[in-house]
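Heads up: the structure comes next, in structure tokens.
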Amino acid sequence: MPNFDLQIYAVLAQIPQGKVTTYGDVAKMAGYPRHARHVGKLLGTLPKDSRLPWFRVVNAKGMISLTGSRFTRQRELLLDDGVEVKENGAISMRRYRWDGEPA
DNA sequence: TTTCTGACAAGAG
DNA sequence: ACTCTTGCCAGAA
């Protein structure tokens, strides 16, 4: 298991409930800037029953990057999390962006 | 080894 | 605000 994978998981686990962050930021906070795409690929491999808050990660535009049923799932989870998500998957980063501070 | 592919991002029109 | 292009980098083919 590559070290950066573990770092990414570590960062992921710290995202507070009700907040979101971006692929790029997760990569940066994990100590591997410019690896945003890898973060997404890694999240895609997470087991369905994973306890990690993968759904709190969206793209730099503040949009859910998934499609179809996956999109719906992430949106539901975020709504349950207390995050306002428009029908098109848009989120107000100004309000929900995680600054990196622990919960 | 070269090429292609992403749950991406930043910059230029 | 929006579309397009270029840069990115680890895996898979």
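As a basis for the values below, the full set of heavy atoms in this structure was taken, side chains included, without hydrogen atoms, waters or symmetry mates.
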Problem - Pairwise side-chain contact, A:I91 with A:M63, heavy-atom cut-off 4.5 Å (strictly under) - result: no
Practice task
Would you kindly give the CG-to-C1' distance between A:D5 and C:dG11, to the nearest whole Å?
Solution key: 11 Å
Practice task
Assign A:F4 to base, sugar-phosphate, or nothing according to its heavy-atom contacts below 4.0 angstrom with the strands shown.
Solution key: sugar-phosphate
Contacts table for residues 31-48 of chain A: side-chain donor-acceptor under 3.5 angstrom, sequence neighbours left out:
| residue | atom | partner | partner atom | Å |
| --- | --- | --- | --- | --- |
| A:Y32 | OH | A:N3 | OD1 | 3.2 |
| A:H38 | NE2 | A:D5 | OD1 | 3.0 |
| A:T45 | OG1 | A:L42 | O | 2.6 |

Exercise for the section: Flag yes if more than 12 heavy atoms outside A:R73 fall under 6.0 Å of its CZ atom; otherwise flag no. Expected result: yes
Handout entry: Pair A:E84 + A:R95, salt bridge at N-O below 4.0 Å
Key = yes
Problem - Nucleotide C:dC2, atom C1' - distance to CE of A:M63 in whole Å - result: 11 Å
Problem - A:D81 side chain vs A:V83 backbone, donor-acceptor pair below 3.5 Å - result: no
Show the distances under 3.5 angstrom between N or O atoms of the protein and N or O atoms of nucleotides 6-11 of chain B.
| residue | atom | partner | partner atom | Å |
| --- | --- | --- | --- | --- |
| B:dG6 | N9 | A:R37 | NH2 | 3.1 |
| B:dG6 | N7 | A:R37 | NH2 | 2.9 |
| B:dA7 | N6 | A:L43 | O | 3.4 |
| B:dA7 | N3 | A:Y23 | OH | 2.8 |
| B:dC8 | OP1 | A:S65 | OG | 2.6 |
| B:dC8 | N3 | A:R37 | NH1 | 3.1 |
| B:dC8 | N4 | A:R37 | NH1 | 2.5 |
| B:dA9 | OP1 | A:G24 | N | 2.9 |
| B:dA9 | OP2 | A:A60 | N | 2.5 |

